[in-house]
Number of protein chains: 2
Amino acid sequence: MSVTIKDIAKKLEISITAVSKALNDRPDISDELKEKVKKTAKKMGYTKNTIASRLVNQKSNTIGVFILSRYKIPNEENTGFSFLSGILEVSNKNNFDVIVFSTDSLEKKSYLELCRERRVEGAIFIGLEYNTKQLEELSQSKLPIVLIDYKYDSPNISTIVSDSDTGIEKSFNYLKKLNHKKIGFINGHNKAYVSYQRLESFKKISKKYNLYNENYIFKSDFSIEKGYELSNMLLNLDDMPTAFIVSGAMTTYGLVKGFLDKNINIPKDISIISYDNFKLDAYFTPEITSISQNIDIIGKKSGEALFNLINNGKKEEIVLNTELIIRKSCEVVRNG
Amino acid sequence: MSVTIKDIAKKLEISITAVSKALNDRPDISDELKEKVKKTAKKMGYTKNTIASRLVNQKSNTIGVFILSRYKIPNEENTGFSFLSGILEVSNKNNFDVIVFSTDSLEKKSYLELCRERRVEGAIFIGLEYNTKQLEELSQSKLPIVLIDYKYDSPNISTIVSDSDTGIEKSFNYLKKLNHKKIGFINGHNKAYVSYQRLESFKKISKKYNLYNENYIFKSDFSIEKGYELSNMLLNLDDMPTAFIVSGAMTTYGLVKGFLDKNINIPKDISIISYDNFKLDAYFTPEITSISQNIDIIGKKSGEALFNLINNGKKEEIVLNTELIIRKSCEVVRNG
DNA sequence: CTGTTAGCGCTTTCAG
DNA sequence: CTGAAAGCGCTAACAG
């Protein structure tokens, strides 16, 4: 099929080894020969067969990235893919290929099997379902792994999560200054670890502020439609919060639009704090106050963590701090 | 390192060949043996080394996806990644792996070299720069290729683009009914093929309607910031259009927000038609009228086209029709 | 500096 | 139905 080092060895009437060494710039080859080999290699249209080379070297130079169905929703709303470019950046710097798996890859094979078959040297998981059994299998393997937005303790697993406590505490602090006492929380769906984590934070902080009320906790699914829908339900409540913290930028957009369509003024009537701090938040009407998660750097950081694990065996537990970016979706409550 | 078929052959005291055949369910092996082999394989924690198997089979079972820097902008605004999930879906159905390359992969190697080295069986290009020389190299190779949003004629290349003519014609038709005569166009940056294509359509259609004015053509870069910025420039114009067609949803959001911040009412003062029809358009304030591109199905379609090319050698030139989705960002012009 | 030999893990004739 | 032998394309000892 394609031209091999054997072909160029034959042409030049030298050994295959010499060709291999020349192409790989080994020191024990004369510069002239290297030149000659490289030139004719190019002329003959040779390209290295990485598959063969990976086999002999017992090194795949490949990592796997799993983008799972935490958000089984349209791509626009799937933040999972946003992490990929950062991962690609650091992988390429390390001369590694990236192969991407998504939910469809998983007909009958486990995450680990997929990795092993390809002899992947490490893997990054985005949107891993909360409490999946697969995690045990993964943690028992020695495979270097990075989990994004999921906390788990195992020697071969590094994790990178956002610290939901501080973001939510800052929100309460801010909302309190605006005289809010009824603060609601709209969570994402159960399959996401972040939902569990954010809910815990919300409970903890609201109790700390003596503002806890379990009737103020609602569930959504990160989608924009669900946010819109919720506005109806919320407005029919007997005892409605005056402010909401909403998990997920898309849900916030839907919710705000829902309120607006019913002539509820945001922020005059209801205050809203979103999560994620999408760039769009600043361009929405009203501009959305949001808990920022540094979503842009997570991809890159996760890649770096993976290679740190692969190369140095160094496990990390990265916690990114969250900020409250104040814009215009909150206001002093009228009848606190 | 890991367990091989040799190991399990030794354990079972049978030949390596027998193991291989049993594992691959070849007909010339007894069912009992198959059972036994598979069982002990599992027990010993065997997983096939696809690297070795790909080498013998001379088949990589891999496609490459290039997500290029057409949008060298934050991920949120990069529609490139949205296509990936569709591609993954059909690749997995075909038992192919997907390896993703981005701009950083390209230090010194050409797209084609990257593909060849990995013996990739086909490739999909997203955001290929307009008029790049690499395209010639690609077209001279026999590699099956699909180009998204780029038209090019070559036997090994299928393309999938949106038909910008009809979308823009529908826009003109609609705007004309609203009595607009000064219709502006805000284009994306030059590197994108779609910019070239949409500009051509705009010129063609505006001439057809006798509404062409070259001073009504502006350039942006698909980013949200640039859209915002443009609002200043536009408002200082002596002869300002009463309606704009804007290439790129993000730019639209920025532009609208820019106008709003200067107390320009959209749509009362200025009408706006966007491109892309992001889901968010319907939730923005005002709801954005947009040219729809079926962005959700492009990924899947491109994957199907690629496998059609790989398996059947069938080249396609897919043109997706565009619709005008009317919402609330256009209104009858005051002093037409 | 160059070449011979062996082998990575798997599949595939082909002979039994 | 089973196995011995050869080989995919490349690299790494080791000997010259």
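Protein chains get the first letters and strands the later ones, always in sequence-line order, with residue 1 at the start of each.
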Report each atom pair, protein N/O against N/O of nucleotides 10-12 of chain D, whose distance is under 3.5 angstrom.
from: D:dC10; atom 1: OP1; to: A:Tyr46; atom 2: OH; distance (Å): 2.6
from: D:dC10; atom 1: OP1; to: A:Asn49; atom 2: N; distance (Å): 3.2
from: D:dC10; atom 1: OP2; to: A:Ile5; atom 2: N; distance (Å): 2.7
from: D:dT11; atom 1: OP1; to: A:Asn24; atom 2: ND2; distance (Å): 3.3
from: D:dT11; atom 1: OP1; to: A:Lys48; atom 2: NZ; distance (Å): 3.4
from: D:dT11; atom 1: OP2; to: A:Ser20; atom 2: OG; distance (Å): 2.8
from: D:dT11; atom 1: OP2; to: A:Asn24; atom 2: ND2; distance (Å): 3.3
from: D:dT11; atom 1: O3'; to: A:Asn57; atom 2: OD1; distance (Å): 3.4
from: D:dA12; atom 1: OP2; to: A:Arg26; atom 2: NH1; distance (Å): 2.7
from: D:dA12; atom 1: N6; to: A:Thr17; atom 2: OG1; distance (Å): 3.1

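Contact detail for B:Leu23 and B:Ala41: the closest heavy-atom pair is CD1-CB, 4.2 Å. Nearest heavy atom pair, residue B:Asn131 against residue B:Tyr150, reads N-OH, 2.7 Å.
Judged by distance alone, the side chain of A:Glu137 and the main-chain N or O of A:Gln134 form no donor-acceptor pair under 3.5 Å.
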- Item | Chi angles and distances behind the side-chain contact (heavy atoms from CB on, under 4.5 Å) call for A:Ile99, A:Arg118 | CA-CA 10 Å; A:Ile99 122 166; A:Arg118 284 146 188 92; 3.5 Å; yes
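Summarising the geometry, the separation between CG on B:Leu33 and C1' on D:dG3 is reported as 12 Å, rounded to the nearest angstrom. Straight-line distance from the CG atom of B:Asp28 to the P atom of C:dT13: 11 Å, rounded to whole Å. Atom P of nucleotide C:dG9 and atom CD of A:Glu117 are separated by 16 Å, given to the nearest angstrom. Summarising the geometry, the separation between NZ on B:Lys10 and P on C:dG9 is reported as 11 Å, rounded to the nearest angstrom. If you take CD1 of B:Ile29 and P of C:dT12, they are 13 Å apart, rounded to a whole angstrom.
Take B:Ser30 and apply the side chain to side chain donor-acceptor pair (under 3.5 Å) test, not counting sequence neighbours, and it matches no residue. Residues that satisfy the ring-ring contact (aromatic ring centres under 6.0 Å, His included) test with A:Phe125, not counting sequence neighbours, are A:Phe66, A:Tyr111. Partners of A:Lys42 by side-chain contact (heavy atoms from CB on, under 4.5 Å), not counting sequence neighbours: none found.
For residues 54-66 of chain A, the pairs satisfying salt bridge (charged side-chain N to carboxylate O under 4.0 Å, His left out) are A:Arg54-A:Asp97, A:Lys59-A:Glu121, with sequence neighbours left out.
Of the candidate nucleotides C:dC8, C:dG3, D:dC8, D:dC8 has the atom nearest to the side chain of B:Gln58.
When the C1' atoms of four end pairs are superposed on the next four at each end of the helix from C:dC1-D:dG16 to C:dG16-D:dC1, using five pairs per end, the two resulting axes differ in direction by 40°, to 10°.
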